[in-house]
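First up is the structure itself, then whatever we jot down about it.
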4 protein chains.
Amino acid sequence: EKPFVFISGPCQIESRDHALTVATKLKKQCDEAGVPFIFKSSYDKANRTSLNAKRGIGIDEGLRILSDIRDELGCPVLTDIHDAQQCTIAGAVVDIIQIPAFLCRQTDLLLAAGNSGAAINVKKGQFLAPWDMANVAAKIASTGNEKILLCDRGTSFGYNTLVSDFRGLPVMAETGYPVVFDATHSVQEPGGRGGSSGGKRAFAPALARAALAVGVSAVFAEAHEDPDNAPSDGPNMLPLEWIPGLLKDLTAIDAITKSRAPSPSY
Amino acid sequence: EKPFVFISGPCQIESRDHALTVATKLKKQCDEAGVPFIFKSSYDKANRTSLNAKRGIGIDEGLRILSDIRDELGCPVLTDIHDAQQCTIAGAVVDIIQIPAFLCRQTDLLLAAGNSGAAINVKKGQFLAPWDMANVAAKIASTGNEKILLCDRGTSFGYNTLVSDFRGLPVMAETGYPVVFDATHSVQEPGGRGGSSGGKRAFAPALARAALAVGVSAVFAEAHEDPDNAPSDGPNMLPLEWIPGLLKDLTAIDAITKSRAPSPSY
Amino acid sequence: EKPFVFISGPCQIESRDHALTVATKLKKQCDEAGVPFIFKSSYDKANRTSLNAKRGIGIDEGLRILSDIRDELGCPVLTDIHDAQQCTIAGAVVDIIQIPAFLCRQTDLLLAAGNSGAAINVKKGQFLAPWDMANVAAKIASTGNEKILLCDRGTSFGYNTLVSDFRGLPVMAETGYPVVFDATHSVQEPGGRGGSSGGKRAFAPALARAALAVGVSAVFAEAHEDPDNAPSDGPNMLPLEWIPGLLKDLTAIDAITKSRAPSPSY
Amino acid sequence: EKPFVFISGPCQIESRDHALTVATKLKKQCDEAGVPFIFKSSYDKANRTSLNAKRGIGIDEGLRILSDIRDELGCPVLTDIHDAQQCTIAGAVVDIIQIPAFLCRQTDLLLAAGNSGAAINVKKGQFLAPWDMANVAAKIASTGNEKILLCDRGTSFGYNTLVSDFRGLPVMAETGYPVVFDATHSVQEPGGRGGSSGGKRAFAPALARAALAVGVSAVFAEAHEDPDNAPSDGPNMLPLEWIPGLLKDLTAIDAITKSRAPSPSY
């Protein structure tokens with residue numbers, strides 16, 4: 001089994017310089033840890049809690065920046081799309097397009113994503129059971145595109161809170177597709193600050209370790225040089241200086257999990 | 001205060017004849033009960049559990065049928081839309097366009113809905129707290145369109161199950177917008193049959209009565225002459241023969257609730 | 001069908017005078033509304049959030065006061081018990097002994113309650129599904145005592161919050177035992193104030209109306225002349241001046257529900 | 001930091017021979033893995049789903065067996081108690097008495113447990129937030145007994161299902177008391193089989209690994225030579241042959257977690 005992949009980047013593309021700076025640091029941190037790196041950042045935040053929240057740099061400029069980062073750093077890039085047309089446009093540029101959790105049941109979007117030819121990271125809706133993701137994956141796979149990743153980013157638990165059910169990871173893996181654990185959105189508190197989402201980043205490293213102890217193909221964790229002042233997802237993004245220690249822990253746990261003897265249990 | 005409105009129809013427009021037949025029966029039942037009626041039906045089921053499920057008749061034919069039903073029966077018509085472009089197209093034809101629950105945080109969709117000039121029924125996402133709907137409504141109202149209805153269709157409660165939190169109805173009403181209780185989707189069991197959603201229609205009338213006892217402006221309940229053989233939402237749709245008894249109960253409770261003395265409680 | 005019964009009183013017996021004063025007022029309010037009244041108050045709060053919270057007046061003095069109130073006002077009295085021995089002692093004095101929600105699965109307690117010969121109001125555990133109460137009732141009924149009431153006081157929903165699932169009321173009624181809706185504990189926020197429970201009393205009347213619209217045999221709602229300064233359950237108890245208006249609304253809804261035509265739905 | 005401890009045994013003491021046989025095998029497995037072992041078994045199942053379920057061997061015989069096992073194997077023994085009197089009796093014999101989850105808020109029981117002088121393992125109620133356990137521990141500590149362990153065995157998540165929220169482990173550890181993760185009850189499905197609880201043992205090893213990746217002092221996992229035919233908790237107990245592989249994985253992950261550099265995150 002291959003070692004885990006680290007998917008990271010700032011929640012949104014704040015500027016060309018910012019994205020490239022953060023990507024460069026993360027790439028270096030991953031290289032030093034021997035962990036394959038995929039850069040993630042969004043060109044548009046299409047479902048912010050409040051209308052007044054910052055939306056993003058836009059698809060055209062965003063894709064140019066992502067493309068340049070890939071060329072410059074030699075790492076795959078991932079971004080999220082919000083309608084069928086964006087699948088085609090973004091899918092032609094980035095390596096992996098991502099289906100946001102709220103949109104994971106939109107059939108046309110899933111088909112357009114599949115038809116784009118790009119790999120697709122589908123986030124499990126907060127309202128969905130892990131076993132329901134088999135139907136989601138089947139919609140994409142019906143296009144002939146099997147480059148599918150299934151990502152857990154938490155499940156609704158009461159109001160304004162998510163819980164990570166780690167039983168869901170092996171359940172989703174039974175589809176045969178790689179499973180990603182999104183550590184920073186799992187500690188989000190949706191709408192938890194009234195006009196914006198809250199979160200508790202301090203829990204994200206522990207949950208990421210737990211996910212690798214259960215067994216996943218990739219960890220997703222947004223990172224920023226100054227999360228408390230980031231335009232989105234600040235409360236749950238990780239400061240860049242946490243990454244080396246995190247990767248060290250994750251690598252060690254991943255090695256144990258992947259060397260486990262075959263077992264009737266997960 | 002005005003009496004409650006009944007929003008009903010078959011989950012999807014199965015054919016012109018079928019839609020008109022069901023609408024005619026429902027209009028007659030509402031007229032006999034003295035309850036204002038709004039016909040609802042979908043031209044596209046855009047987020048079915050499974051790819052193999054029936055999608056619908058399509059936007060062009062669907063809007064023609066809805067328009068004809070309005071002309072023929074003289075009742076307002078409501079349908080749900082799934083992207084920004086459909087807001088404009090459908091908003092020019094129907095009286096009320098509906099934002100599906102999964103899409104209730106998509107900013108562009110809410111703005112397009114507002115700009116359509118139609119009234120807008122926004123379903124509360126299963127993943128959203130009732131107080132979070134104030135932010136949703138504010139996105140629409142930013143367009144200058146204040147013809148907003150906020151609709152509760154249940155909240156995620158464990159896996160494959162929804163729960164109706166009746167505290168949410170007065171919380172949403174504090175926005176000043178009319179609140180709708182969706183009785184048939186509230187008893188849905190999303191993904192509960194593996195490849196399709198389950199549901200328990202027997203609970204829907206009781207929950208509708210409860211909603212009117214708490215106080216709402218409208219009840220939404222899908223109805224069909226043969227729900228067990230309907231192409232979608234069969235397990236939770238109501239048989240047409242349940243409607244007269246239901247309307248009688250609802251009317252009586254509504255009258256009590258709306259004649260209540262002002263109170264520091266809800 | 002008989003009209004609903006109102007079970008009320010201050011959360012705990014603060015003193016003989018206080019209990020009698022509140023009971024007298026409630027009895028008068030119920031008499032004026034034509035609603036049968038059962039007085040409820042606790043002699044011991046055995047599971048307070050914090051050790052520092054007030055426990056209560058004790059079983060001996062508490063039972064004397066309850067007995068005197070029954071004699072003086074001519075109404076049945078109800079109190080909660082916490083171990084098997086208390087079932088026998090309290091069951092010999094009061095009309096109804098109550099099994100606290102946390103203890104609803106304790107077999108010995110249920111058997112002792114049954115053997116006391118008193119009627120028994122069992123609260124559904126916050127951790128229990130409504131259909132699981134059939135097993136709870138069967139434990140009591142095994143003693144030959146069928147004077148059982150099943151009471152819903154909310155279900156765990158995330159942390160520090162309860163939700164009332166009104167589908168649970170008819171499900172519990174299928175056992176054949178009368179169902180009670182506890183309106184004030186249903187709006188409790190357990191542990192919500194750190195060292196004590198919070199609550200939102202403003203929602204309790206609306207939930208009580210909803211319960212009667214669904215159909216229940218009794219409403220339970222604790223009341224106090226000054227809830228904000230009560231030693232326990234202050235945030236969710238109702239001020240006495242809310243009771244007449246509440247009973248008026250509940251009586252009207254109860255009449256509608258109980259005159260409903262037989263129906264395949266609830 | 002000391003390595004983790006393994007608390008295990010059959011759910012209930014089926015007989016002297018059975019208990020001793022299972023304890024001997026587990027002790028040997030733990031010795032070979034270099035993991036400290038505490039034997040756990042119950043003399044009474046006091047809160048079974050159904051009255052017809054097997055209760056247990058009784059306190060007198062049960063404590064004699066536990067005492068003999070401790071003498072024979074030289075390992076500490078743990079058993080759960082159900083009322084204040086049992087705290088004194090069992091606390092004089094066993095090393096650790098356990099407060100069942102449903103009873104974790106019963107003040108008198110917690111005080112009696114503290115006064116017994118034994119160490120106390122308190123299970124977090126399925127209805128309780130992790131931070132609420134500080135109040136529970138404070139009740140025990142008020143007796144001067146600080147030998148407290150806090151144990152997570154899952155949190156209510158919808159009906160008949162529990163979820164393990166791994167954020168709760170560091171939250172409970174902030175009390176300063178050792179935290180135990182109960183892997184087999186966390187995968188229980190309470191009442192899930194109608195007249196008895198279900199469960200999915202296959203998930204327990206993965207959750208135990210996750211708990212050690214987050215960081216805990218002990219793992220609790222019931223084990224049996226033939227779980228499918230055990231008188232209680234069969235669906236979630238582990239077969240004895242799973243234990244050596246499990247301990248190997250847990251030991252490796254525990255070493256990584258406990259050698260982590262100090263960090264601002266958990």
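So you know, we letter chains A, B, ... as the sequences are listed, proteins then strands, and number each from 1.
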Listed by number, the residues in residues 146-171 of chain C that come under 4.5 Å of chain B (heavy atom to heavy atom) are Thr155(C), Ser156(C), Phe157(C), Thr161(C), Leu162(C), Val163(C), Ser164(C), Asp165(C), Phe166(C), Arg167(C), Pro170(C), Val171(C)
With no hydrogens and no angle check, just 3.5 Å: does a side-chain donor-acceptor pair link Gln98(C) and Asp80(C)?
no
Residue from Ala204(C), Pro205(C), Ala202(C), Ser186(C) scoring the most non-hydrogen pairs under 4.5 Å with chain B is Ala202(C)
If you take all heavy atoms of Leu240(C) and Val22(C), which pair is closest and at what distance?
CD2-CG1, 4.1 Å
Is any side-chain heavy atom of Lys45(B) closer than 4.5 Å to one of Cys11(B)?
yes
Do Phe4(B) and Val216(B) have side chains that get closer than 4.5 Å, going by heavy atoms?
no
Smallest separation among heavy atoms of Ala223(C) and Ser8(C), with atom names
CB-OG, 3.5 Å
For the residue pair Asn229(B) / Asp226(B), report whether a side-chain donor-acceptor contact shorter than 3.5 Å exists.
yes
Kindly confirm or rule out a cation-pi arrangement of Lys123(C) over Phe220(C), judged by NZ or CZ under 6.0 Å from the six-membered ring centre and within 45° of its axis?
yes
Cut-off 3.5 Å, side chains only: do His224(B) and Asp233(B) have a donor facing an acceptor?
no
Give the interface residues of residues 250-266 of chain B toward chain C, defined by a heavy-atom separation under 4.5 Å.
Ala252(B), Ile253(B), Ile256(B), Arg260(B), Pro264(B), Ser265(B), Tyr266(B)
Pair Asp228(B)-Arg201(B), salt bridge (Lys or Arg N to Asp or Glu O under 4.0 Å): steps then yes or no
CA-CA 10 Å; Asp228(B) 288 334; Arg201(B) 80 171 64 97; 2.7 Å; yes
Can you confirm whether the side chains of Thr184(C) and Asn236(C) place a donor and an acceptor under 3.5 Å from each other?
no
